[in-house]
Structures are given as C-alpha cells and as structure tokens.
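These notes concern the structure reproduced below.
Scope of the values below: all heavy atoms of this structure, side chains included, with no hydrogens, waters or symmetry mates.
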Amino acid sequence: MALAFLVEGRMEQRIVQRLCDGVPVRLIGANGRDVTPTAIAKRAAPLIRLLKNYYPIVIVFDREARKLSCAAIEAELRQALKAHKVERDDLIIGIADRMIENWILACSQVRRKYGLLESCEGKDGKAILSLALERNGKSYHETTIGVEMFCAIDVGAVREHSSSFARFVRELGQHCSWIRRGSRRAQGNLKRSALQRNNRRKGQRRA
C-alpha cells in the first residue's frame with residue numbers, strides 16, 4: 001500500500017506534493033507553539049481513520065518552542081492517539097527541532113551560501129533563515145522560497161547535522177523514493193571523497 005501524510009501547515013503540504021507526487025497529504029488543522037500533543041491527536045485521529053487503506057501514515061510537525069524534547073513529544077502523541085482508539089503500528093512521526101526551516105539550515109550547502117557557520121538545530125530556524133536571506137537582498141516566504149529550498153536540500157548532509165531529521169528519515173527512508181535517492185547520492189559522494197583522499201595520499205608519497 002502507498003503512504004499518506006498528515007502535516008501541520010501549507011509549507012509542509014506543498015513540500016510533500018512536490019516530492020511525493022500523488023501521495024495523499026492532509027492538514028492536521030492544529031498548529032502553533034501552544035498546541036499540545038493531545039490536541040494534535042484529537043485532530044489527527046479521524047484523519048488517520050479516513051486513511052485506513054494507506055500504509056504507513058506519516059505525521060509531520062514542528063517542536064516550535066515547546067519545552068519537551070522531540071522524542072518526548074512523539075511519545076505523548078502516540079499515547080494520545082491510543083486514547084483516541086488509534087492502534088496502528090505503522091505511524092511514522094517526524095518532528096522538526098525546532099522548525100522545518102531548521103532542516104533546511106542543516107544542509108551544509110545552504111549554510112555555505114548564506115555564510116552560516118554551524119547547524120541551527122533547536123534554534124529559531126525561521127528567524128535565522130529570514131535574516132540570512134534579507135542580508136542577501138531576498139525575502140523569505142514559507143510557501144514559495146521555503147518550499148523551493150527544502151526540495152533542494154542534500155538529504156545526506158541534513159541527516160548528518162540534524163538529529164531530528166535523522167530520526168525521521170531512519171523510519172521513513174524505506175517508504176520514500178526521495179530519501180532513498182538522496183541517501184544513495186550521499187553514499188556516492190562519500191565514496192568519491194574517499195577515493196580523492198586516497199589518490200592525494202598516493203600522489204604525496206610519489207612526490
């Protein structure tokens with residue numbers, strides 16, 4: 001069976017529509033820094049039941065400024081879904097720490113382009129990305145620029161610099177061709193880098 005997505009906002013919805021053409025993607029209808037996992041579960045439960053013929057169900061939202069860790073929020077959400085009679089064992093939950101913009105900023109190519117020196121995991125990713133674009137004479141819009149930037153990220157690089165993204169793709173990878181392609185590309189880059197280092201060492205020994 002094909003997978004289906006439940007997402008927090010329009011940006012995530014458009015990203016899935018771009019990367020996973022034809023896959024059902026529904027808005028949860030509950031977002032923001034003060035929305036509890038229980039409130040998310042209440043909105044997600046009936047949507048999950050409507051998607052009973054899809055496998056797996058992927059839920060994506062931001063940690064925002066919640067004090068709990070992504071892992072703790074996920075655990076609470078799973079418990080809350082069980083309380084709403086959702087007993088499926090195929091749920092994949094992706095929680096960006098702290099926003100989906102943080103996953104964009106975990107891409108080393110993006111950071112190099114905009115002069116950012118380190119990963120921004122857990123920080124206000126939207127504010128950081130908006131400021132970086134502003135310094136380069138651009139304005140940040142989630143549903144246009146944000147979607148374009150996310151769809152261009154290097155999956156392997158983001159996984160290396162974002163623990164929340166790595167956790168997500170570890171579960172989703174086998175079901176998502178975009179992640180599989182990105183992972184294969186990353187492995188190819190690692191092999192090429194290793195070969196280049198080996199050739200340099202050989203050249204230095206000959207010299």
Checklist entry - Side chain of Ser164, backbone of Asp97: donor and acceptor closer than 3.5 Å? => result yes
Next on the checklist: Taking the side chain as everything from C-beta on, heavy atoms only, tell me whether Leu105 gets closer than 4.5 Å to Leu116.
Outcome noted: yes
Checklist entry - Hey, does Ile73 have a side-chain heavy atom less than 4.5 Å from the side chain of Phe61? => result yes
Checklist entry - Is there a donor-acceptor pair under 3.5 Å between the side chain of Arg88 and the backbone N or O of Leu91? => result no
Checklist entry - Are Glu118 and Lys123 close enough that some pair of their side-chain heavy atoms sits under 4.5 Å apart? => result yes
Checklist entry - Counting only N and O atoms by type, is there a donor-acceptor contact under 3.5 Å from the side chain of Arg14 to the main-chain atoms of Val147? => result no
Checklist entry - Is there a path from Val16 to Val158 through hydrophobic residues (I, L, V, M, F, W, Y) whose side chains come within less than 4.5 Å of each other? => result yes
Checklist outcome for this item: When rounded to the nearest 0.5 Å, the distance separating SG of Cys151 from CD of Gln17 is 10.5 Å
Checklist entry - Is the closest side-chain donor-acceptor distance between Arg112 and Gln109 under 3.5 Å? => result no
Next on the checklist: I'd like to know if Val7 and Ile179 are part of one continuous hydrophobic network [Ile/Leu/Val/Met/Phe/Trp/Tyr, side-chain heavy atoms within less than 4.5 Å].
Outcome noted: yes
Checklist entry - Taking side chain as C-beta onward, heavy atoms only, is Phe165 less than 4.5 Å from Asn102? => result no
Checklist entry - Say you draw a straight line from CZ of Arg111 to CD1 of Ile128; how long is it, rounded to the nearest 0.5 Å? => result 11.0 Å
Checklist entry - How about Leu3 and Ile57: do any of their side-chain heavy atoms sit closer than 4.5 Å? => result no
Next on the checklist: Could you go through Leu6 and Leu51, starting from their C-alpha distance and side-chain angles, then the distance that decides it, and tell me whether this counts as side chain to side chain contact (heavy atoms under 4.5 Å, CB included)?
Outcome noted: CA-CA 10 Å; Leu6 302 180; Leu51 294 166; 3.8 Å; yes
Checklist entry - Would you say the side chains of Tyr140 and Glu134 form a donor-acceptor pair under 3.5 Å? => result no
Next on the checklist: Testing the basics here: between Ala39 and Ala30, what is the closest heavy-atom pair and its distance to 0.1 Å?
Outcome noted: O-CB, 4.4 Å
Next on the checklist: Restricting to non-hydrogen atoms, name the atom on Asp154 and the atom on Cys107 that form the minimum distance, rounded to 0.1 Å.
Outcome noted: N-SG, 3.5 Å
Checklist entry - Got a second to check how far Tyr55's OH is from Ile92's CD1, nearest 0.5 Å? => result 7.5 Å
Checklist entry - Is there a chain of hydrophobic side chains (I, L, V, M, F, W, Y, each step under 4.5 Å between heavy atoms) that links Ile153 to Phe168? => result yes
Next on the checklist: Per the side chain to side chain donor-acceptor pair (under 3.5 Å) rule, what does the pair list look like for residues 67-79, sequence neighbours excluded?
Outcome noted: Glu74-Arg78, Glu74-Arg167
Checklist entry - If you look at every heavy atom in Gly122 and Arg63, which pair is closest and at what distance? => result O-NH2, 3.7 Å
Next on the checklist: Any non-hydrogen side-chain atom of Tyr54 less than 4.5 Å from a side-chain atom of Pro24?
Outcome noted: yes
Checklist entry - Hey, what do you get for OG (Ser130) to CD1 (Ile145), rounding to the nearest 0.5 Å? => result 11.0 Å
Checklist entry - Any idea which heavy atoms bring Pro56 and His175 closest together, and the distance? => result CD-ND1, 3.7 Å
Checklist entry - For the atom pair CD1 (Ile104) and OG (Ser162), what is the distance rounded to the nearest 0.5 Å? => result 11.5 Å
Next on the checklist: Do Glu121 and His161 make a side-chain contact, defined as non-hydrogen atoms from C-beta onward lying under 4.5 Å apart?
Outcome noted: no
Checklist entry - Side chain of Glu101, backbone of Leu129: donor and acceptor closer than 3.5 Å? => result no
Next on the checklist: Treating Asn136 as the side-chain partner and Leu133 as the backbone partner, does any N or O pair qualify as donor plus acceptor under 3.5 Å?
Outcome noted: no
Next on the checklist: Whether the side chain of Arg159 engages the backbone of Gly156 through a donor-acceptor N/O pair (distance < 3.5 Å, no angle test) should be reported.
Outcome noted: no
Next on the checklist: Ring-plane angle category for Phe150 and Trp103, please: parallel below 30°, perpendicular beyond 60°, tilted otherwise.
Outcome noted: tilted
Next on the checklist: Within the 4.5 Å heavy-atom criterion, are Ile93 and Ile95 side-chain neighbours or not?
Outcome noted: yes
Checklist outcome for this item: dist His141:NE2 -> Met11:CE (nearest 0.5 Å) comes out at 12.5 Å
Checklist entry - Where do Arg66 and Val35 land on the side chain to side chain contact (heavy atoms under 4.5 Å, CB included) test, with the steps shown first? => result CA-CA 9 Å; Arg66 297 179 180 94; Val35 177; 3.8 Å; yes
Sequence neighbours left out, cut at 3.5 Å: what donor-acceptor pairs do the side chains of residues 40-50 make with other protein atoms?
{"unit_1": "Arg43", "atom_1": "NH1", "unit_2": "Gly29", "atom_2": "O", "d": "3.1"}
{"unit_1": "Arg49", "atom_1": "NH1", "unit_2": "His84", "atom_2": "O", "d": "2.9"}

Checklist entry - If only atom types and distance count, is the side chain of Asp62 paired as donor or acceptor with the main-chain N or O of Ile100 below 3.5 Å? => result yes
Checklist outcome for this item: In short, salt bridge (Lys or Arg N to Asp or Glu O under 4.0 Å) pairs touching residues 137-152 with sequence neighbours left out are Arg18-Glu148, Lys126-Glu142
